[in-house]
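Structure first, commentary second.
Only a predicted model underlies this, so the values are computations on that prediction, with no experimental measurement involved. Below, chain A is the first sequence line, B the second, and so on; all start at residue 1.
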Protein chains: 2
Amino acid sequence: MAQSGDNKHTQSHLEELNAALSSGEFLPIRRMLNSLPPADVAHLLESTPPKIRAFLWQLIDLETEGDIIQYLNDEVQAQFLREMDAEEVAAIAENLEADDLVDILQQLPDRVIQEVLSSMDHQDRQRVEHILAYDEDTAGGLMNTDTITVRPNITLDVALRYLRRHENLPEMTDHLIVVSRSDEYIGVLPLRRILVSDPSVTIREVMSTDLEAIPASMPDTEVAKLFERHDWVSAPVVDDEGRLVGRITIDDVVDVIRENADHSLLSMAGLDEDEDTFAPVIKAAPRRAMWLGINLITAFIASAVINIFEGTIDKVVALAVLMPIVASMGGVAGTQTLTVVIRGMALGHISKDNSRWLINREVMVGAINGLIWAAVVAVAATLWFDDRTIGVIIAAAMVINLITAALAGALLPMIMDKLKIDPALAGGVALTTVTDVIGFMSFLGLATYFYA
Amino acid sequence: MAQSGDNKHTQSHLEELNAALSSGEFLPIRRMLNSLPPADVAHLLESTPPKIRAFLWQLIDLETEGDIIQYLNDEVQAQFLREMDAEEVAAIAENLEADDLVDILQQLPDRVIQEVLSSMDHQDRQRVEHILAYDEDTAGGLMNTDTITVRPNITLDVALRYLRRHENLPEMTDHLIVVSRSDEYIGVLPLRRILVSDPSVTIREVMSTDLEAIPASMPDTEVAKLFERHDWVSAPVVDDEGRLVGRITIDDVVDVIRENADHSLLSMAGLDEDEDTFAPVIKAAPRRAMWLGINLITAFIASAVINIFEGTIDKVVALAVLMPIVASMGGVAGTQTLTVVIRGMALGHISKDNSRWLINREVMVGAINGLIWAAVVAVAATLWFDDRTIGVIIAAAMVINLITAALAGALLPMIMDKLKIDPALAGGVALTTVTDVIGFMSFLGLATYFYA
């Protein structure tokens, strides 16, 4: 899996852009920005530092701004929205689908949302208000209202004539949604089935009812799992009474999958998944400072532990040389367990029935690897300091710390999950605190016993 | 973003399964495994420890095994395949689409592949061999051959009659692919456009030609970016001569996106994205041991640096107490920069034109945060050890190490990328080596100068 696979198309756009920028010719840039697909322009904007980004934004025509803004990540989107007044947002809103518009509105202050809503026509406003009522991270917040519905008792022929009255069907329409007279969801009729079926049969005869509709309150991560597991292109969303309220399409689900996967990676470094790669110093520094501060507390706790054994270190300085090895190996081993468990939880693999097996496995792995590397370190330390005692001490401390690391790496995320603390964010810091404290404590404690 | 959102459906299946297992009744389990959707069974299998997993697999009927196996992750898939002979694989192969079958075949030894291929009928074999010829990580390896093609000069009516001769159209067929007489790709005709168009027009009049076909040699990560950026459901794949060779569907692209995102997270802990959450000790231990060994080398390098200053520590033991703070803060700050850069590279945001800006930004952030926390640590250290010199020393070392960390965190992945080394895998170890060495060196070096 290449990490760095650069999209040649976009990379060449980026190079073209930079060449034009440094030559100072703005006309080709403006032409480029207003002719490229909106998603590509969004990617270009995300790939430029703040000043150039602001400059490029000014060159984009107002009517294409809406198309582009929906493809930007939340943080960059917010930057541009902050500069706009309600009228401009309303102008952009005209070209957007209801769900994409809602994503944007959710970034704005309530006052502006109200202004934008009041500038819309009745039907559009209703649609948007409908989605706004749901939490952003649920199926309701993810859905769109552009459903094409039919009744089960009509024939395909009638349905086809009905479809032909449309100028076009919404993007990602892979099926018609079959509903009852009172809008209750019944089933779906795939377009690809319409095309191969005899037009005289009724919809009831060819529709499929095994696609269960998604409740509007389902968390978006659940929705993503369903889409992944069943290879859906779109799926109907229903309210508590089983009435159709909208549909979710795979393009929005892909964003959820991407964000969730990014979340674990970035959280483990105390970063946010909406993070702008080119955030200015003034935004990036405070965000990171917080995380460093939290880790500084951990570091001071470790120092306090070392301080307890100051007297022993004073006697045997070799201990100071070797002690980081025990702590760091514990940290590395613990992070491996933590990562496996956090990912297993994200994939929905871990339940209370199999967590004991998993903890046992991790402890076994920790013990085995502890013993292997303890032996290596023991020999190395003994030879280095010509002192067999120090070899025995570091070996014992390594085994203790690697087993502790395995236990902490497996248990901490499970406990945090119960307490509704995000393990991806807090797990790493908590783990390092444990492995540092136990690492220094066991190594220096044993040393104090042996050298006393 | 909840990390732990458990799919209620699947969780309840998992609970049901465990209840049945502990009650010792196998009939309901067998019934359950053979009636649930294959993707759900695959998820259940991935969520069980090895022994139960092997037992469950025996309860599954041979004819559904094929459906299920395609949804398993590579490592679990390989476990089951290893137990099968070519005949069994061939039996499974019958129910699979060509691209999914190829994914499975690629896990098998050449001898078995040949046996399976020779048991297939001519047309199927040709299809599979066609895809097998492409690298697994390219568009060609990702594609399927189930394209429905039409010529541009026929009318929609003729096309509709042609479609009605099919029993059904392949899953995820969202458009017909328009090709020339010599199979050159021309454009696509969305099904949803067919349904709203006048049947008497020709395909040429309603097809769209702005969807650029994907070259078969394009890396799968690029393909994923194109799908994400253009919200495609499926896209045609062409060979070097522009002839249609297959099509890629979003469900397979979602797997690529998920795997790539997982890759960064897992690699940073030295793990593999195909990792089975419930890998037995005998598989998990050696894989992790390697990573610990590599990190042990790093730890010894750090110890060697400390050892240089043994004399100084012997004089001022407080140095041993405080030195881990400098190293660990450098590691944390560097990991933040590293994560931002690795993710920016994966998203295709970083190019040679903007990398200088990014490095500058990181160094600025490092310097600012270095100064802030250096001040805090200086005060704390001065008060703790009642020694103003040690406060000055640790503050200076902190600033040096945090700037170094920013530089290393930004430059290392860029350099590794040039050298075709995976920065997600090697970046963390390299970074920690730098921050440990510079952290201990600056702190203890300054101390040696001041206390000499």
With chain A as the partner, which of [options] has the greatest number of non-hydrogen pairs under 4.5 Å?
options	value
B:Val253, B:Val340, B:Val376, B:Asn168	B:Val340
B:Arg288, B:Glu310, B:Met364	B:Arg288
B:Ser267, B:Ala279, B:Ser328, B:Gly331	B:Ala279

Please classify the contact of [X] with chain A as side chain, backbone, both or neither, using a heavy-atom distance under 4.5 Å.
X	result
B:Glu167	backbone
B:Val326	neither
B:Phe440	side chain
B:Ile250	side chain

Looking only at heavy atoms, what is the nearest atom pair of [X] and [Y], with distance?
X	Y	value
A:Ala380	B:Phe300	CB-CZ, 3.6 Å
A:Gln336	B:Ala269	NE2-O, 2.9 Å
B:Met329	A:Asn295	SD-C, 4.3 Å
B:Leu265	A:Met268	CD1-SD, 3.6 Å
A:Leu195	B:Ile194	CD2-CG2, 4.2 Å
B:Ala284	A:Arg361	CB-CD, 4.1 Å

Are the side chain of [X] and the backbone of [Y] linked by a donor-acceptor contact shorter than 3.5 Å?
X	Y	answer
B:Ser303	A:Val321	yes
A:Arg229	B:His43	no
A:Trp373	B:Ala289	yes

Can you say whether [X] sits under 4.5 Å from chain B via the side chain, the backbone, both, or neither, judging by heavy atoms?
X	result
A:Ser197	backbone
A:Ala302	neither
A:Glu228	side chain

Roughly how far, to the nearest 0.5 Å, is the CD1 atom of A:Ile148 from the CZ atom of B:Arg192? 10.5 Å
Heavy-atom side-chain proximity of B:Pro37 to A:His230 below 4.5 angstrom: yes
Can you confirm whether B:Leu266 sits close enough to A:Thr339 that some side-chain heavy atom of one is under 4.5 Å from a side-chain heavy atom of the other? yes
Among residues at least two apart in sequence or on other chains, which ones pass side-chain contact (heavy atoms from CB on, under 4.5 Å) with A:Asp231? B:Tyr71, B:Met172, B:Asp251
side-chain contact (heavy atoms from CB on, under 4.5 Å) partners of B:Ile372, counting only residues at least two apart: B:Ile368, B:Asn369
Is a donor from one side chain sitting under 3.5 angstrom from an acceptor on the other, for A:His349 and B:Thr277? yes
CE (A:Met414) with more than 12 external heavy atoms under 6.0 Å: yes
Where do B:Asn307 and A:Trp384 land on the side-chain contact (heavy atoms from CB on, under 4.5 Å) test, with the steps shown first? CA-CA 11 Å; B:Asn307 195 46; A:Trp384 191 355; 3.5 Å; yes
